[in-house]
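Okay, structure first, notes after.
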Amino acid sequence: MSCKSGRPTPRTTRTGRPRSTEADTAILEATRAALVELGWSKLTMGDVATRAGVAKTTLYRRWANKNELVVDAVAVLFDELELPDLGSLQADIEHVVLQFAALLERPETKTALMAVVAESTRDAPLRERIRTSIVERQKRLVLDGRRRAQERGELPADRDPVTVDATDDLIFDVVAGAVVHRALVSAEPVDGQWVARLSALLVGGLGAVAALG
C-alpha cells in the first residue's frame with residue numbers, strides 16, 4: 001500500500017507478545033508446588049499450566065520440556081542467596097552457608113533439587129542445564145567473596161588465571177557438597193557450630209592453596 005506522496009507506507013514489524021514476568025513467576029511457583037505434591041514421575045506440563053492459570057502452549061514457548069522447567073524453578077530459589085560484606089572472609093562464608101542451609105530446609109527446594117539431581121544421572125542435557133543454570137550462576141558468590149578477601153588483604157592477589165579458576169571451582173564444590181550432604185543425605189543439623197568449623201577449615205585451606213602459588 002502507498003500513501004498519496006507515492007512513497008510506500010512503512011510496515012509495522014511485529015515482535016511478538018512480550019514475555020510476562022508475572023506469568024513466569026506463577027509458572028515456577030506452580031512447578032515447585034506440583035513437584036512437592038506429586039513427585040517427579042507424576043509431574044506434567046499440563047498440571048503445571050493448570051495450577052499457574054496459563055495455557056500449556058505458554059509453557060512450551062518458554063521451556064522445551066519438564067526437565068528445563070524444573071531446573072529453572074530450582075535456579076530462581078538459589079538466586080535468593082546473598083553474600084553481604086561482614087568484614088571477614090570467614091564471617092561471609094558462615095553467613096552464606098547458613099542461608100544455603102535454610103533454603104534447603106524448604107520443602108520445595110529440597111524436593112526439586114533432589115529430583116533433578118537424581119534424574120540428571122541418566123540425562124546428560126539435564127546435567128548440563130543444572131551446571132549452567134544453577135552451578136555457574138551461583139559461583140558469583142565465590143567470586144565476590146574471594147574479591148572482597150583480597151581487598152581486605154586476607155588473600156593474595158590473583159596470579160595464575162588457571163589456578164584461580166580451579167580454586168573457585170573447588171571452593172564451590174566443597175561448600176555446596178558439604179552442605180547438601182549434611183542437610184539432605186545425613187539429615188544432620190547445619191547449625192552455627194558446624195558452620196563455624198566448615199568455614200574455618202575452608203579459610204585455612206585457602207591460605208594453604210595460596211601458599212602453593
Is the closest side-chain heavy-atom distance between [X] and [Y] below 4.5 Å?
X    : Y    : value
V116 : W40  : yes
L184 : L113 : yes
V175 : V142 : no
D24  : R62  : yes
L69  : L28  : yes

According to a 4.5 Å side-chain heavy-atom criterion applied to Ile, Leu, Val, Met, Phe, Trp and Tyr, with indirect links allowed, do [X] and [Y] form part of one hydrophobic cluster?
X    : Y    : answer
L141 : V174 : yes
W63  : Y60  : yes
V36  : F78  : no

Determine, step by step, whether E82 and V96 satisfy the side chain to side chain contact (heavy atoms under 4.5 Å, CB included) criterion, reporting the C-alpha distance in whole Å, the side-chain angles of both residues, the deciding distance to 0.1 Å, and the verdict.
CA-CA 7 Å; E82 297 178 348; V96 77; over 6 Å; no

Given 3.5 Å as the limit, does a donor-acceptor pair link the side chain of R32 with the main chain of L77, or not?
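Side chain of R32 to backbone of L77, a donor-acceptor pair under 3.5 Å: no, none is there.
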
Would a distance-only check, ignoring hydrogens and angles, find a side-chain to backbone donor-acceptor pair under 3.5 Å from K42 to E37?
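No; zero donor-acceptor contacts below 3.5 Å.
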
Donor + acceptor pair across side chains of Q138, R140 (<3.5 Å):
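There is such a pair (donor and acceptor under 3.5 Å, judged by atom type) between the side chains of Q138 and R140.
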
Would E154 and Q150 count as having a side-chain donor-acceptor pair, cut-off 3.5 Å?
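The answer is no; no qualifying pair exists.
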
Out of curiosity, [X] [atom1] to [Y] [atom2], how far, rounded to the nearest 0.5 Å?
X    : Y    : atom1 : atom2 : value
D173 : D168 : CG    : CG    : 10.5 Å
D123 : N67  : CG    : CG    : 5.0 Å
K66  : L59  : NZ    : CG    : 12.5 Å
S133 : L126 : OG    : CG    : 9.5 Å
T31  : L43  : OG1   : CG    : 6.5 Å
L143 : D165 : CG    : CG    : 8.5 Å

Tell me, please, which residues at least two apart from R129 pass side chain to side chain donor-acceptor pair (under 3.5 Å).
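Result, side chain to side chain donor-acceptor pair (under 3.5 Å) vs R129: D72.
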
Run the side chain to side chain donor-acceptor pair (under 3.5 Å) test against E68 and tell me which residues pass, sequence neighbours left out.
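In terms of side chain to side chain donor-acceptor pair (under 3.5 Å), with neighbours along the sequence ignored, E68 is linked to no residue.
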
With a 4.0 Å cut-off on N to O distance, would you call [X] and [Y] a salt bridge?
X    : Y    : answer
D169 : K139 : yes
E136 : R131 : yes
E119 : R127 : no
D191 : R182 : no

Give me the atom names and distance for the closest heavy-atom approach of [X] to [Y].
X    : Y    : result
P189 : W194 : O-CB, 4.4 Å
E94  : A196 : OE2-CA, 3.6 Å
P84  : Q99  : CD-NE2, 4.4 Å
G46  : K56  : CA-CE, 3.7 Å
I130 : S120 : CD1-CB, 3.8 Å
L86  : H95  : CD1-CB, 3.6 Å

For a side chain to side chain contact (heavy atoms under 4.5 Å, CB included) check, start with the C-alpha distance between F100 and V180, then their side-chain angles and the critical distance, and finish with the verdict.
CA-CA 9 Å; F100 184 27; V180 169; 3.7 Å; yes

Given L89 and L206, is the side chain to side chain contact (heavy atoms under 4.5 Å, CB included) satisfied, shown in steps?
CA-CA 10 Å; L89 179 58; L206 283 172; 3.8 Å; yes

Show your working on salt bridge (Lys or Arg N to Asp or Glu O under 4.0 Å) between D92 and R146 and close with a plain yes or no.
CA-CA 10 Å; D92 291 351; R146 182 168 52 77; over 6 Å; no

Take R106 and E80 through the test salt bridge (Lys or Arg N to Asp or Glu O under 4.0 Å) and record every step on the way to the result.
CA-CA 13 Å; R106 291 160 55 175; E80 297 175 12; 3.0 Å; yes

